[in-house]
Amino acid sequence: MIEDAPFDPEPLRRLAARKAERPRRVPEKEIVNLAISYIRSLAYGYARKVHGSQFGNAGEPDVDAVYCGRAVKLECKAPDGGKPTAVQIGALKRWAKAGALAGWFTTVDHVQEILDHVDDTYPDFVVNVTYPGCSCPRHQNIPT
């Protein structure tokens with residue numbers, strides 16, 4: 001009879017320790033749900049998820065919201081360096097040109113930064129869509 005090799009748990013423990021060290025990647029869907037919940041928790045705020053399909057317009061933002069009577073269009077990207085595509089940037093710019101508050105985010109903090117500008121009137125203020133959140137001096141802690 002052949003004897004089984006002894007089981008050594010040490011390699012599995014090392015693998016588990018390495019996995020535990022890595023931060024958990026937060027999926028985009030979870031970030032969108034957090035943002036929608038945040039906007040819905042605000043007085044005068046409502047938001048919903050826009051589901052992309054073959055019948056929808058390409059590049060439409062993920063979150064369709066209204067805050068204090070102003071349309072808000074938000075695109076979500078995962079915090080691991082994702083950026084909106086050119087089609088998505090184009091859609092955000094079209095919404096902003098029409099007067100909506102439009103931008104993209106990777107965290108709920110970015111959503112808060114964008115919503116801080118709900119009272120800033122178009123065309124005096126438009127969120128810079130080349131960065132997540134808001135790149136204005138107020139939100140970047142830059143003295144004006």
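In terms of modelled atom types and a separation under 3.5 Å, the side chain of Ser37 and the main chain of Asn33 share a donor-acceptor contact. Here the side chain of Arg48 pairs no donor or acceptor atom with the backbone of Asp64 at under 3.5 angstrom. Side-chain atoms of Arg40 do not come within 3.5 Å of backbone N or O of Gly45 as any donor-acceptor pair.
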Contacts under 3.5 angstrom, residues 74-85 side chains, donor-acceptor by atom type, not counting sequence neighbours:
residue: Glu75; atom: OE1; partner: Asp62; partner atom: N; Å: 3.4
residue: Glu75; atom: OE2; partner: Gln88; partner atom: NE2; Å: 3.2
residue: Lys77; atom: NZ; partner: Gln88; partner atom: OE1; Å: 3.3
residue: Asp80; atom: OD2; partner: Arg25; partner atom: NE; Å: 2.9
residue: Thr85; atom: OG1; partner: Gln88; partner atom: N; Å: 3.2
residue: Thr85; atom: OG1; partner: Gln88; partner atom: OE1; Å: 3.4

Intermediate values then yes/no, side chain to side chain contact (heavy atoms under 4.5 Å, CB included), Val66 and Arg70:
CA-CA 5 Å; Val66 174; Arg70 187 165 181 194; over 6 Å; no
Evaluate side chain to side chain donor-acceptor pair (under 3.5 Å) for Thr130 paired with Asn128, printing each intermediate quantity in order.
CA-CA 6 Å; Thr130 55; Asn128 183 353; 2.6 Å; yes
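With values rounded to the nearest 0.5 angstrom, Lys93 atom NZ is found 6.5 Å from Ile89 atom CD1. Considering CD1 of Ile36 and CD1 of Ile31, their distance stands at 12.0 Å, rounded to 0.5 Å. Put simply, SG on Cys136 and CG on Asp120 are 8.0 Å apart, with the number rounded to the nearest 0.5 Å. To the nearest 0.5 Å, atoms CG (Leu42) and CG (Leu115) are separated by 6.5 Å. Here the straight-line distance linking atom CD of Glu10 with atom CG of Leu15 works out to 11.5 Å at 0.5 Å rounding. The structure places SG of Cys134 at 7.5 Å from CD1 of Ile114, a figure rounded to the nearest 0.5 Å.
Test Val111, Leu101, Val72 against Tyr67 for side chain to side chain contact (heavy atoms under 4.5 Å, CB included) and you get one pass: Val72.
Residues Phe105 and Val50 do not share a hydrophobic cluster, defined by chaining ILVMFWY side chains whose heavy atoms lie under 4.5 Å apart. One hydrophobic cluster, built from ILVMFWY side chains closer than 4.5 Å, cannot hold both Trp95 and Val63; they sit in different ones.
Taking all atoms of both residues into account, the shortest heavy-atom contact from Gly103 to Val129 is CA-CG1, 4.1 Å. The heavy-atom pair separating Val126 from Ala96 by the smallest distance is CG1-CB, 3.8 Å.
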